[in-house]
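Keep in mind that the numbers below use all heavy atoms, side chains included, and drop hydrogens, waters and symmetry copies. Atoms within each ligand, like the ligands themselves, are counted from 1 in listed order.
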Amino acid sequence: MILLNDFARQWEIVESRVLDATRRVGASGRYILGPEVERFEHALAKFWGITHAVGVGNGMDALEIGLRCLDIRPGEKVLSTPLSAFASTLAILRAGARPIFVDVDERGGIDLDQCERLLRRDSSIRFLLPVHLYGIALDLQKLARLRDEFGLFVVEDCAQAIGATDGEMTAGSVGQVAATSFYPTKNLGALGDGGALLTNDAHLAEKAKNLRNYGQTAHYFHSEPGLNSRLDELHAAILHDAFLPFVKEWTERRRKIAHAYLSRIMNPAIQLLPVEAGSGAVWHLFPILVAEGLREDLQQHLSSREIVSAIHYPRIIPEQEALKRSPGFEVAEQPLKASRFSRCELSLPVHPFLSEAEVERVIDACNSWQPQT
Ligand SMILES: *Cc1c(COP(=O)(O)O)cnc(C)c1O
């Protein structure tokens with residue numbers, strides 16, 4: 001069976017490092033906010049090329065804390081994407097703000113041209129929460145230009161995009177804050193929940209450290225109603241010793257597989273995203289698009305060849321029940337392309353533990369598919 005994520009194969013590689021780290025933390029008697037979290041934060045910041053990293057409980061909290069560090073106001077508008085994990089939007093709601101949606105582009109990322117037009121007509125928008133979806137970095141020069149031209153606060157959702165680049169620039173380097181997730185399926189996943197916020201601003205990093213720990217400025221003194229959202233010592237040690245050292249290698253493998261798919265999947269019924277081979281994408285997922293009504297047929301065809309696939313995402317965010325019960329959100333541009341992704345997208349396995357033969361099997365399965373129309 002070719003899985004979307006193969007944790008059994010991953011465990012074979014990381015097992016001894018995980019067990020060593022576990023023994024060390026267990027014996028230390030220090031389990032919350034100690035030296036392991038600090039060590040991992042330094043290593044992550046160095047890996048990312050950003051000055052400060054702050055470990056938190058999960059990716060969604062990293063986004064919420066990021067918005068709150070930037071002093072977001074109650075009811076403040078936050079421009080964001082209709083196509084993402086719901087957590088991207090939920091973080092905006094949790095921060096007491098209002099999501100404003102535009103559409104996505106051909107690669108599924110927020111349409112920055114629509115953002116620009118909206119920012120020109122609505123000068124009350126000060127916040128932007130872009131998502132580097134599927135591990136494909138947005139146009140970072142354009143993002144930086146929007147930030148400067150409109151004086152925006154930008155919180156980049158890099159949960160799927162650790163290490164992604166666009167030209168010379170790295171995803172997460174444009175926003176005042178970047179957020180990432182260590183949810184097990186992510187490119188840098190933990191053995192449980194975890195997340196981090198990254199920033200080049202020492203003051204923001206300090207604020208994030210307070211907010212993750214009950215808004216505590218000194219022991220038992222609380223300056224703000226913060227969260228309990230701390231990265232555990234255990235997860236930090238495991239991430240540092242067993243997972244972070246492999247991210248580069250695993251990302252290279254994802255890229256190789258993605259490039260094989262991009263150059264060799266040739267089926268008129270399958271549309272690949274317009275991403276150049278050799279791009280800086282890190283391929284958290286490998287999305288393809290099929291014609292209306294044919295997705296289930298392809299999924300069954302793959303499944304009959306023991307290939308698992310999945311949909312990211314089957315319902316756009318503005319249409320989620322939970323959002324309808326949180327009035328105040330706005331759909332500024334009809335999310336037509338996002339809706340098409342929700343009806344026509346399918347993600348192929350692209351995890352770094354696929355063998356060459358399995359990559360061939362996926363390519364063959366896609367190329368041999370003849371839709372039953
Ligand atoms: C996974 C994910 C999140 C949320 O991360 P958690 O650690 O699960 O809270 C946010 N945004 C995107 C784009 C994600 O893929």
For ligand 1, which atoms sit closer than 4.0 Å to a heavy atom of [X]?
X	result
M60	4 (C), 5 (O), 6 (P), 9 (O)
S84	13 (C)
N58	7 (O), 9 (O)
V131	13 (C)
A159	2 (C), 3 (C), 10 (C), 11 (N), 12 (C), 14 (C), 15 (O)
A87	3 (C), 4 (C), 10 (C)
S181	5 (O), 6 (P), 7 (O)

Below 3.5 Å, N or O to N or O, backbone or side chain included: is there any such pair between [X] and ligand 1?
X	result
D193	no
Y313	no
Y183	no

Practice task
Determine, using heavy atoms of S88 and all atoms of ligand 1, whether some pair is separated by less than 4.0 Å.
Solution key: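 The answer is yes, since S88 has a heavy atom less than 4.0 Å from ligand 1.
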
Practice task
Check if H132 has a non-hydrogen atom at a distance under 4.0 Å from any atom of ligand 1.
Solution key: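 No, H132 has no heavy atoms under 4.0 Å from ligand 1.
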
Exercise for the section: Select the closest option to atom 3 (C) of ligand 1 among H312, K186, H284, judged by heavy-atom distance. Expected result: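 Checking each option, the heavy atom nearest atom 3 (C) of ligand 1 is found in K186.
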
Problem - R94/D61 salt bridge by N-O under 4.0 Å criterion - result: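 No.
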
Exercise for the section: May I ask you to say whether R9 pairs ionically with E12, meaning some side-chain N is under 4.0 Å from a carboxylate O? Expected result: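 The answer is no: the pair does not qualify as a salt bridge.
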
Exercise for the section: Name the closest protein heavy atom to atom 15 (O) of ligand 1, giving the residue it belongs to and the distance to 0.1 Å. Expected result: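 Atom 15 (O) of ligand 1 sits closest to the protein heavy atom Q160 NE2, 2.8 Å.
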
Practice task
Mind listing the closest non-hydrogen atom pair of L198 and A45 along with its distance?
Solution key: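 The answer is CD2-CA, 4.3 Å.
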
Exercise for the section: Could you pull out the closest heavy-atom pair between L302 and C366, with the gap in Å? Expected result: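 The pair with the smallest heavy-atom distance is CD2-SG, 4.4 Å.
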
Exercise for the section: Please round to the nearest 0.5 Å and tell me the distance separating atom CG of L128 and atom OG of S80. Expected result: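 Result: 7.5 Å between the selected atoms.
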
All N/O donor-acceptor pairs, side-chain side in residues 181-197, below 3.5 Å, sequence neighbours left out:
unit_1	atom_1	unit_2	atom_2	d
S181	OG	Y183	N	3.0
N187	OD1	H284	ND1	3.1
N187	ND2	V282	O	3.1

